[in-house]
Amino acid sequence: MRNRCVFFFIFLFGLQSIDHLAQVSHGGQPYSTAHATTLSETIDSYYLPSFDVELLLAEDALINDKSQAYRFGKEFKVDLSLENTGTWENLPNGDRIWRLRIVSRNAKHLHLEYRNFFLPKGATLYLYNEDHSSLLGAFTESNNKSYGSFSTAFVKGPVTILEYYEPLEVADQGRICIDKVIHGYRGFTEEAERDFGDSGNCNINVHCSEGIEWESQAKS
């Protein structure tokens with residue numbers, strides 16, 4: 001039992017660490033927020049294939065081994081980049097905007113992973129859903145990694161829109177190559193599917209007396 005609890009906390013810490021690294025951003029608003037009337041209302045859309053969610057949920061229900069990683073989404077391999085998808089628009093000052101709409105029917109959230117990611121100085125990238133209730137960014141040159149890959153956190157809902165702003169002086173220097181899209185079909189952890197107080201025997205709330213020895217891990 002204790003080993004299972006240790007795994008549970010390690011798993012949660014891992015999710016939080018990945019999410020933290022992916023979400024380092026600099027605030028602000030996408031260019032389109034203030035200039036929607038000057039931009040095209042239609043942008044290129046990429047639709048993920050449908051799949052049997054009920055089958056995956058049935059498989060998940062049969063997994064009783066708590067040592068196995070919790071599955072919350074289905075991964076799709078893709079090849080989406082600034083060169084082969086999306087809609088480019090030229091602005092009056094010579095700068096450009098690229099936008100791409102990714103759609104996966106009935107998804108609770110979408111998560112993107114990039115095999116090649118580089119933002120030149122002055123460029124920004126935002127991700128958001130259709131009503132802007134979920135917004136990530138701005139990502140900038142400070143988010144570039146020496147190994148070239150990148151990951152952005154989850155955007156709520158079945159639609160994620162990417163908006164890349166590229167100044168004229170760094171034209172064609174940006175690289176955004178998405179190789180994985182994860183369709184989230186349930187919450188990130190088992191607890192996300194339950195109400196407070198419905199946790200299993202192993203899932204101890206760190207704010208209760210049973211979680212006293214885990215206070216330092218909870219703070220992390």
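This structure is a prediction, so every number in the text was calculated from the model and none was measured.
Between Arg115 and Cys177, some side-chain heavy-atom pair lies under the 4.5 Å cut-off. Within the 4.5 Å cutoff, the side chain of Glu113 has heavy atoms near those of the Asp179 side chain. Side chains of Leu127 and Val155 form a contact here, defined as non-hydrogen atoms less than 4.5 Å apart. Counting heavy atoms from C-beta outward, Lys180 and Leu112 have side chains that stay 4.5 Å or more apart. Looking only at side-chain heavy atoms (C-beta outward), Tyr46 and Val103 stay at 4.5 Å or farther from each other. With a 4.5 Å cut-off on side-chain heavy atoms, Leu57 and Tyr185 count as touching.
The aromatic rings of Trp88 and Trp98 sit tilted relative to each other, their planes meeting at an angle between 30° and 60°.
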### side-chain hydrogen bond (donor to acceptor under 3.5 Å, both in side chains) assessment of Arg99 paired with Tyr31
CA-CA 11 Å; Arg99 289 180 292 166; Tyr31 179 90; over 6 Å; no

### Task
Could you give me the CA-CA distance, side-chain angles and deciding distance for Gln29 and Leu135, then say whether side chain to side chain contact (heavy atoms under 4.5 Å, CB included) is met?
CA-CA 9 Å; Gln29 292 291 327; Leu135 172 67; 3.8 Å; yes

### Task
Could you walk me through whether Glu169 and Lys121 pass salt bridge (charged side-chain N to carboxylate O under 4.0 Å, His left out), step by step?
CA-CA 9 Å; Glu169 56 268 25; Lys121 185 175 182 179; over 6 Å; no

### Message
Please determine whether side chain to side chain contact (heavy atoms under 4.5 Å, CB included) holds for the pair Asn90 and Asp95, giving the CA-CA distance in whole Å, both sets of side-chain angles, and the decisive distance to 0.1 Å.
### Response
CA-CA 6 Å; Asn90 295 317; Asp95 296 349; over 6 Å; no

### Query
Between His132 and Thr33, is a side chain to side chain contact (heavy atoms under 4.5 Å, CB included) present by the stated rule, with each step listed?
CA-CA 9 Å; His132 286 236; Thr33 300; 3.8 Å; yes

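Aromatic pair His183/Phe51: centroids less than 6.0 angstrom apart. For an aromatic pair to be called close, the ring centres must be under 6.0 Å apart, and Phe154 with Phe72 satisfies this. Here Tyr126 and Tyr165 keep their ring centres 6.0 angstrom or further from each other.
Here Asp60 pairs with Arg186 in a salt bridge; the nearest charged N to carboxylate O distance falls below 4.0 Å.
Here the CD atom belonging to Glu83 is positioned 9.5 Å from the CD1 atom belonging to Ile176, to the nearest 0.5 angstrom. The NZ atom of Lys74 sits 10.0 Å away from atom CG of Asp52, with the distance rounded to the nearest 0.5 Å. In this structure, CZ in Phe117 is found 5.5 Å from CG in Leu125, a value given to the nearest 0.5 Å. To the nearest 0.5 Å, the span separating OG1 on Thr38 from CG on Leu91 amounts to 7.0 Å. To the nearest 0.5 Å, atoms CZ (Arg101) and CD1 (Ile43) are separated by 7.0 Å. With rounding to the nearest 0.5 Å, the separation of CD in Glu59 from CD1 in Ile63 is 7.5 Å.
The two atoms that bring Ala138 and Asn143 nearest to each other are O-OD1, 4.4 Å, heavy atoms only. Looking at every heavy atom in both residues, Pro167 comes nearest to Gly122 through CG-O, 3.4 Å. In plain terms, the two heavy atoms of Gly187 and Lys108 that are nearest each other are N-CD, 4.4 Å. Scanning all heavy atoms of the two residues, the minimum distance from Leu110 to Gly157 falls at CG-O, 3.8 Å. Pairing each heavy atom of Asn93 with each of Leu168, the nearest pair is O-CD2, 4.2 Å.
Side-chain polar atoms of Thr42 and Ser40 form no donor-acceptor pair below 3.5 angstrom.
Ser149 contributes no side-chain N or O that, together with a main-chain N or O of Tyr114, makes up a donor-acceptor pair within less than 3.5 Å. Judged purely by atom type and a 3.5 angstrom limit, Asn84 uses its side chain to pair as donor or acceptor with the backbone of Asp79. A donor-acceptor pair under 3.5 Å is formed between the side chain of His111 and the backbone N or O of Thr152. Judged by distance alone, with hydrogens and angles left aside, the side-chain atoms of Arg105 form no donor-acceptor pair with the main-chain N or O of Pro49 at under 3.5 Å. In this structure, the side chain of Asp44 engages the main chain of Gly86 through a donor-acceptor pair within 3.5 Å. With hydrogens and angles ignored, the 3.5 Å screen pairs a side-chain donor or acceptor of Asn144 with a backbone N or O of Leu119. Listed for the Thr85 side chain is a donor-acceptor partner under 3.5 Å among the backbone atoms of Ser81.
No chain of hydrophobic side-chain contacts below 4.5 Å, direct or via other Ile, Leu, Val, Met, Phe, Trp or Tyr residues, connects Val170 to Leu162. Cluster annotation: Ile97 and Leu80 are assigned to distinct hydrophobic clusters (Ile/Leu/Val/Met/Phe/Trp/Tyr, side-chain heavy-atom contacts under 4.5 Å, transitive). When the side chains of ILVMFWY residues are joined at heavy-atom separations under 4.5 Å, either directly or via intervening members, Phe118 and Leu136 end up in two distinct hydrophobic clusters. Clustering ILVMFWY residues whenever any of their side-chain heavy atoms sit less than 4.5 angstrom apart, transitively, puts Tyr128 in a cluster other than the one holding Leu39. In the hydrophobic clustering of this structure, Leu56 does not group with Ile182; members are Ile, Leu, Val, Met, Phe, Trp, Tyr whose side-chain heavy atoms approach within less than 4.5 Å, directly or through other members.
Each of Glu166, Glu163, Glu89 was compared with Arg96 under the salt bridge (charged side-chain N to carboxylate O under 4.0 Å, His left out) criterion, and only Glu166 meets it.
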